[in-house]
Amino acid sequence: GLMLGVGVMAQAPTFPNRPIKLVVPFVPGGTLDVVARLLARNMQDSLKQAVVVENRASAGGVVGVDYVAKSPADGYTLVLNAATPMVTVVSLQATPYDLIKDLVPVAQVSTFDYVLAVNVKSPINSMQDLIQLARKQPGKLNYASAGSGSGQHMYMELARSAAGIQIQHIPYKGNGPAMQALLSGEVDLIFDTSLGILPQVQGNRLRPIMTSSAKPMASMPQVPTMDSLFPGSGSQGWHAVFAPAATPKEVLAVLTEAIRKAVNSPDMAAKLRELGLEPSGMGPDRFTDVVRRDLERWGKLIRDNGIKAD
């Protein structure tokens, strides 16, 4: 009967043999959701299985991430999230999961940069202007964000901390209201994704004064980078897929390859670039280090500055 057992094992269906669920821990309509739907559609081609996007929204995305962390580790339940809040929320509040112990990176989907901008009517023309003004009147200048712990909040705190200046944080409920506040002159600054900033710069409503990228951005090469002004402080945004920690290596390999193929397919790569994103497809071997480094960097910033979630 022993041989029979081995035979049955060999017949185990190959992965995947049913639909895969891709959880987005935020409401539909945002960049992350758009990327998820693009990814799902393009992964289906190589996996020959449906990939279904499911939105499980909550503050900081904790509910959606926790749902995946506690799902069966079989490769059929994955989460797509952005660096902020994925690596920041765990330092801002007690989360029911441990990012390093309970989840495993499958692949980085795309990378993107943040751009610090002011209203075109602002007297601030450069980072030097901003620093001078902030030092003259500490705490008088303010900036908008999509909420506590959001990318805009984190990147502005990173810049503020590097420049050694005091700027007031005004959290709004989401990206739209935060941008509106800057356009209407309610606030002085925003450090938003290139996707949010670029159309406003092209429409001559906002003036960019610094980017978070390591090298100058192709779309605004004249704008200085954070690294050039404050060496070692630059940090790229990313979107990435994670799975429950105990997912078998061979299953992860299939998923990593499907994501790599998808993001580098001409169709998806072009659509990502239209969104101001750079296709990646980096596998867990290298991406795990990126996650750990970001976790440390943002964690230190949050602790050193006593930043709290709302």
Side-chain angles (χ1 to χ4, degrees), residues 26 29-35 82-85 88 110-131 133-134 141-160 162-163 165 167-230 233-239 271-279:
F26 293 95
T31 308
L32 192 67
D33 188 59
V34 173
V35 172
T84 54
T88 48
S110 49
T111 59
F112 55 96
D113 299 305
Y114 280 74
V115 180
L116 178 57
V118 295
N119 195 304
V120 284
K121 298 189 186 83
S122 168
I124 300 166
N125 285 295
S126 65
M127 200 59 200
Q128 286 75 6
D129 287 353
L130 172 61
I131 292 170
L133 204 56
L141 291 172
N142 57 23
Y143 72 94
S145 87
S148 214
S150 63
Q152 295 103 321
H153 181 198
M154 291 295 125
Y155 275 86
M156 194 67 228
E157 287 299 314
L158 191 63
R160 199 186 61 66
I165 51 177
I167 303 177
Q168 201 61 37
H169 174 219
I170 316 281
Y172 288 83
K173 297 249 180 287
N175 288 327
M179 181 56 80
Q180 211 33 62
L182 181 63
L183 293 173
S184 69
E186 223 172 279
V187 294
D188 302 304
L189 303 147
I190 200 165
F191 208 152
D192 200 0
T193 60
S194 54
L195 177 71
I197 299 288
L198 201 56
Q200 306 296 348
V201 169
Q202 288 162 342
N204 203 31
R205 289 179 291 274
L206 295 186
R207 176 188 305 131
I209 60 171
M210 183 170 73
T211 71
S212 70
S213 51
K215 49 185 198 292
M217 286 175 63
S219 54
M220 26 185 135
Q222 77 292 353
V223 182
T225 67
M226 204 153 153
D227 261 339
S228 71
L229 297 172
F230 313 103
S233 68
S235 184
Q236 242 187 348
W238 45 254
H239 296 124
K271 288 203 167 70
L272 287 173
R273 289 196 174 100
E274 276 168 31
L275 293 170
L277 308 170
E278 199 44 49

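On a predicted model such as this, the values are computed, not experimentally measured, just so you know.
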Among Val187, Asp188, Val118, the one residue meeting side chain to side chain contact (heavy atoms under 4.5 Å, CB included) with Leu141: Asp188

Quick one: does Ser184's side chain have a donor or acceptor within less than 3.5 Å of a partner on Gln180's backbone? yes

Is a donor on one side and an acceptor on the other found under 3.5 Å between the side chain of Arg205 and the backbone of Asn119? no

Would you call the rings of Tyr114 and Tyr155 parallel, tilted or perpendicular if under 30° counts as parallel and over 60° as perpendicular? parallel

Ring-ring centroid check His239 Phe112, cutoff 6.0 Å: yes

From Gln236 CD over to Ser212 OG, what is the distance, rounded to the nearest 0.5 angstrom? 7.0 Å

In Å, rounded to the nearest 0.5 Å, how long is the span from CD of Gln152 to OG1 of Thr193? 7.0 Å

Can a donor-acceptor pair be found, under 3.5 Å and without considering hydrogens, that links the side chain of Asp113 to the backbone of Thr211? no

Charged N-O contact under 4.0 Å between Glu157 and Arg160: yes

Between Ala178 and Ala144, which heavy-atom pair has the shortest distance, and what is it? O-CB, 3.6 Å

Sidechain-backbone polar pair: Ser126 side chain, Asp129 backbone, donor-acceptor under 3.5 Å: yes

Spell out, as yes or no, whether a donor-acceptor pair under 3.5 Å connects the side chain of Arg273 to the backbone of Pro279. no

Rounded at 0.5 Å granularity, tell me how far CG in Leu195 sits from OG1 in Thr31. 4.5 Å

